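Following: one structure in structure tokens, then a few remarks.
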Amino acid sequence: MNFDYERNTRKFYQNDATAQRYHQMFVSSKGWRNLPSRVVARKERRAIETLLAQVPHRTALDMPAGTGKLAGIFATLGTQVVASDISASMLKVAEAEYAGIGYDRVSFRVADASDLGDFGNKAFDVAVCLRLMHRVPTSLRRTMLGELAHVASHAIVSFGIENGFHAMRRSVRASVFGGSNDSLCFCSMAEARAELEPMFEIARHVWIAPALSQEVIFLLKPKPQPAGDAA
Ligand SMILES: C[S@@+](CC[C@H](N)C(=O)[O-])C[C@H]1O[C@@H](n2cnc3c(N)ncnc32)[C@H](O)[C@@H]1O
């Protein structure tokens with residue numbers, strides 16, 4: 001597959017069937033093929049819970065909220081949440097997820113992560129950005145990171161990290177099970193740091209499930225930016 005951000009990220013999730021399929025991948029207890037997704041989702045939640053515990057917060061922006069994977073965590077913490085995503089279809093499932101657990105300190109907003117200007121400077125104590133950056137090309141990723149740094153006092157952001165082990169794992173998986181062996185917008189750890197460091201202090205990073213997933217989550221504190229710098 002030739003990766004195309006517009007087609008494979010921005011528009012890809014904008015229909016109800018895809019949103020339902022995405023959600024089922026990590027909530028349905030049926031099917032061994034979804035087992036890795038369920039394991040990774042459980043570990044992601046645990047990591048986010050741990051990192052949120054290190055950030056004193058009352059308000060959070062979950063961008064992209066997807067189908068509401070983090071609802072239970074925010075409900076446990078009593079966080080006031082804005083669940084935002086470019087896909088109204090994904091947010092519809094997220095809304096049902098929050099309603100299902102009876103948590104109402106949440107509002108839903110369709111928005112583009114590359115333009116968060118409407119939220120205002122430091123509108124949130126923390127912004128969580130899970131599983132988006134590995135599907136976004138570097139230049140746009142920088143814009144999105146700048147927006148997150150602008151709207152929140154802390155950020156928790158995941159990247160997809162490429163290395164020899166994971167390139168081989170993907171190739172073996174694709175030849176055994178079929179499906180895609182696409183490298184999406186993965187980058188090396190050094191590249192991820194180089195993108196983050198102009199805007200953030202990196203407080204810590206956590207590998208989610210190193211044998212199963214390329215995902216690394218960073219806990220970030222925005223650096224003060226020179227006046228007029230939109231980075
Ligand atoms: C892989 S899902 C991750 C969702 C959620 N964070 C999770 O971990 O389940 C990627 C999400 O990014 C959203 N998305 C894609 N491009 C976006 C953009 N430019 N602004 C906001 N959300 C976007 C998609 O609609 C989709 O819900």
Side-chain angles (χ1 to χ4, degrees), residues 1 3-28 34 36-49 51-52 60-74 79 81-98 106 108-119 124 126-148 150-152 155-160 179-180 182 184-186 206 208-209 212-218:
M1 178 175 85
F3 184 81
D4 175 312
Y5 164 73
E6 279 297 319
R7 182 189 60 208
N8 301 115
T9 300
R10 197 171 187 279
K11 296 203 177 113
F12 180 75
Y13 298 90
Q14 301 201 29
N15 73 76
D16 291 353
T18 302
Q20 285 298 343
R21 231 184 357 261
Y22 180 81
H23 197 57
Q24 286 310 311
M25 264 171 44
F26 61 87
V27 295
S28 166
N34 287 340
S37 302
R38 294 200 296 274
V39 171
V40 168
R42 197 165 57 235
K43 287 178 175 285
E44 282 171 336
R45 288 195 188 96
R46 222 176 275 156
I48 296 288
E49 208 167 6
L51 295 175
L52 281 173
L61 172 66
D62 186 8
M63 166 59 92
T67 59
K69 186 188 278 170
L70 303 179
I73 290 173
F74 289 128
T79 308
V81 189
V82 173
S84 186
D85 199 288
I86 203 156
S87 163
S89 296
M90 296 291 269
L91 282 184
K92 196 158 69 180
V93 181
E95 217 166 328
E97 193 71 4
Y98 276 91
V106 56
F108 300 91
R109 181 105 159 247
V110 172
D112 189 326
S114 64
D115 181 7
L116 302 180
D118 285 353
F119 288 116
F124 301 94
V126 62
V128 180
C129 182
L130 192 60
R131 299 191 77 85
L132 175 60
M133 295 300 165
H134 70 293
R135 306 185 68 95
V136 175
T138 309
S139 59
L140 184 57
R141 201 151 67 198
R142 289 208 176 96
T143 304
M144 291 181 178
L145 289 167
E147 293 294 295
L148 295 171
H150 182 69
V151 299
I156 295 173
V157 181
S158 74
F159 273 63
S180 152
D182 198 27
L184 302 174
C185 301
F186 298 134
V206 181
I208 291 302
L212 275 181
S213 153
Q214 304 191 221
E215 193 177 5
V216 169
I217 305 187
F218 292 89

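Read the numbers this way: they start at 1 and go in the same order the structure lists the ligands and their atoms. Remember, it's a predicted structure, so these values are computed and weren't measured experimentally.
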When you compare the side chains of Asn34 and Ser37, does any donor N or O come within less than 3.5 Å of an acceptor on the partner?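 No donor-acceptor contact under 3.5 Å links the two side chains.
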
Pairing donors with acceptors under 3.5 angstrom, does anything connect the side chains of Ser114 and Asp112?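 Yes, side-chain donor-acceptor contact under 3.5 Å.
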
Indicate yes or no for a side-chain donor-acceptor contact from Gln14 to the backbone of Arg10 under 3.5 Å, with no hydrogens or angles considered.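 Side chain of Gln14 to backbone of Arg10, a donor-acceptor pair under 3.5 Å: yes, one is there.
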
Could you tell me whether a side-chain N or O of Arg38 sits under 3.5 Å from a main-chain N or O of Phe26, the two making a donor and an acceptor?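 Checking the backbone N and O of Phe26 against the side chain of Arg38, no donor-acceptor pair under 3.5 Å is found.
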
Which part of Met63 is near ligand 1, with near meaning a heavy atom under 4.0 Å away: side chain, backbone, both or neither?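 Side chain only; the backbone of Met63 stays clear of ligand 1.
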
Under a 4.0 Å heavy-atom limit, does Lys69 contact ligand 1 with its side chain, its backbone, both, or neither?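 Only the side chain of Lys69 comes within reach of ligand 1.
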
I'd like to know if Gln14 contacts ligand 1, where contact means a heavy-atom distance under 4.0 Å to any ligand atom.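 Contact absent.
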
For Tyr22, is the nearest heavy atom under 4.0 Å from an atom of ligand 1?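 It does, in that a heavy atom of Tyr22 comes within the 4.0 Å cut-off of ligand 1.
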
Nearest-option assignment for atom 10 (C) of ligand 1, heavy atoms, candidates Met25, Arg131, Met133, Glu147: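 Minimum heavy-atom distance to atom 10 (C) of ligand 1 goes to Arg131.
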
Nearest-option assignment for atom 20 (N) of ligand 1, heavy atoms, candidates Ala113, Gly66, Ser158, Cys129: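 Of the listed residues, Ala113 has the closest heavy atom.
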
Sub-4.0 Å atoms of ligand 1 with respect to non-hydrogen atoms of [X]:
X	answer
Leu132	12 (O), 14 (N), 15 (C), 16 (N)
Ala111	20 (N), 21 (C)
Asp85	11 (C), 13 (C), 22 (N), 24 (C), 25 (O), 26 (C), 27 (O)
Leu130	3 (C), 5 (C), 6 (N), 8 (O)
Met144	19 (N)

Test side-chain hydrogen bond (donor to acceptor under 3.5 Å, both in side chains) on Ser89 and Asn15; report intermediate values, then the result. CA-CA 6 Å; Ser89 296; Asn15 73 76; over 6 Å; no

How far is atom 17 (C) of ligand 1 from its nearest protein heavy atom, and which residue and atom is that?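 Checked against all protein heavy atoms, atom 17 (C) of ligand 1 sits closest to Ile86 CG2, 3.5 Å.
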
